[in-house]
Amino acid sequence: MKVLKYLTVAFALTLGLASCNDDDGYSLDKYWLSIATVNDLDGSDNSYYLTLDDGTNLHIAAPLNPYKPNTKRVFANYTILGELEGDYQYAVRLNGIQSILTKDVIYIDPANEVKQDSIGFDPIKVISMKEGGGYINIKFSYNAGGVNSHMVNLVSDQEDLSVGSDVVKLQFRHNQKADPEKYPTEGWVCFDLAPYKEAATGNEITFEISSVDF
């Protein structure tokens, strides 16, 4: 088991809005690429807005179509049309959107060998890992053959996902599901940290995340 990284997550009460600032004004031939969170708007099935990881809210003034992403986290390609006041900071034209696998941290009893095996101990390479928008965002790679779907999870051995010590220890786990190792492939996954934010007594939590590398 290899320790990948210590992440100290600050659950700030106020967030900056600097990521979209453009001193030269806004032009329809410019675009931004961001990871964002999808938020429902007025309970509509197809109506939503996006929140960037710095807290900036984007009103989608020009959507691609009435399609709503089926995951909470997405890659968004957008053009800024102008600044707004109130709940939204910018009006944008959505040029493209791609869903990101979004999951909760799960608890697996360390003594339950059957469930532990089902989660898997197969090797996986972490390319990048950082906190953003209340999620741990991981870019990873593994070897695949295109026969079976792989599974990744972030696992805790604390049933209540508690913050009972100075460091929260989690395992980034991979089940290859007997897929042949023919070529390397990359992917992204975002894990929701909401339970830890609710349990935190201070503004910061440190996570120690480990995985099996190649």
Side-chain angles (χ1 to χ4, degrees), residues 1-13 15 35-40 51-55 69-75 99-144 148-179 185-214:
M1 192 72 71
K2 178 181 179 182
V3 176
L4 296 173
K5 186 181 291 186
Y6 283 90
L7 291 179
T8 300
V9 177
F11 294 118
L13 298 179
L15 297 170
I35 293 179
T37 299
V38 178
N39 300 288
D40 291 330
T51 301
L52 304 184
D53 283 356
D54 65 358
N70 58 7
T71 61
K72 190 67 175 174
R73 298 282 279 170
V74 295
F75 290 112
S99 296
I100 304 176
L101 177 64
T102 308
K103 307 186 78 170
D104 294 327
V105 179
I106 61 173
Y107 163 74
I108 302 294
D109 185 347
N112 191 326
E113 295 182 1
V114 174
K115 286 190 176 180
Q116 288 289 340
D117 288 342
S118 70
I119 293 298
F121 295 95
D122 294 317
I124 188 167
K125 180 178 178 61
V126 172
I127 300 172
S128 68
M129 177 172 57
K130 64 179 181 179
E131 185 273 340
Y135 293 80
I136 289 181
N137 308 304
I138 302 177
K139 183 181 181 181
F140 59 86
S141 69
Y142 52 67
N143 296 321
N148 299 319
S149 298
H150 294 228
M151 180 173 65
V152 294
N153 283 286
L154 198 57
V155 181
S156 170
D157 61 4
Q158 300 294 322
E159 186 171 6
D160 58 355
L161 302 183
S162 62
V163 186
S165 62
D166 293 337
V167 178
V168 175
K169 295 185 178 183
L170 304 173
Q171 296 178 8
F172 183 46
R173 300 273 289 275
H174 171 219
N175 187 339
Q176 193 160 338
K177 295 189 175 181
D179 193 38
T185 186
E186 296 181 355
W188 282 84
V189 61
C190 299
F191 293 101
D192 192 353
L193 297 178
Y196 296 102
K197 181 176 181 178
E198 294 172 0
T201 57
N203 289 329
E204 292 188 347
I205 300 174
T206 298
F207 294 87
E208 177 187 306
I209 300 175
S210 57
S211 75
V212 175
D213 206 340
F214 289 94

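As a basis for the values below, the full set of heavy atoms in this structure was taken, side chains included, without hydrogen atoms, waters or symmetry mates. A quick note: this is a predicted structure, and the numbers were derived from the prediction, not measured.
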Is it the case that the side chain of [X] and the backbone of [Y] share a donor-acceptor pair, with hydrogens and angles ignored and the cut-off at 3.5 Å?
X    : Y    : value
H174 : V152 : no
T102 : I100 : yes
R173 : G120 : yes
N153 : V155 : no

* Can you say whether the rings of F75 and W188 are parallel (under 30°), tilted (30 to 60°) or perpendicular (over 60°)? -> perpendicular
Would you check if [X] and [Y] make a side-chain contact, meaning some heavy-atom pair closer than 4.5 Å?
X    : Y    : answer
L170 : Y196 : yes
Y142 : T185 : yes
M129 : F140 : no
D122 : N175 : yes
L193 : I136 : yes
L154 : K103 : no
Y135 : T37  : yes
K115 : D109 : no

Using every non-hydrogen atom in the two residues, find where [X] and [Y] come nearest and quote the distance to one decimal.
X    : Y    : result
S156 : L161 : CB-CD2, 3.7 Å
I127 : S141 : CD1-CB, 4.0 Å
S118 : M151 : O-CE, 3.1 Å
N70  : S99  : OD1-OG, 3.2 Å

* Asked: Applying the side chain to side chain donor-acceptor pair (under 3.5 Å) test to N137, which of K130, R73, E131 qualifies?
  -> R73
* Structure fact -> Rounding to 0.5 Å, atoms OG (S211) and CD1 (I138) come to a distance of 8.5 Å
* To do: Calculate, to the nearest 0.5 Å, the distance between atoms CG and NZ belonging to D157 and K169 respectively.
  => 9.0 Å
* To do: For side chain to side chain contact (heavy atoms under 4.5 Å, CB included), just list the numbers for I119 and I106, CA-CA rounded to whole Å, side-chain angles, deciding distance to a tenth of an Å, and then say yes or no.
  => CA-CA 10 Å; I119 293 298; I106 61 173; 3.7 Å; yes
* **Neighbour count >12 (heavy atoms, 6.0 Å) for atom NZ, K125** => no
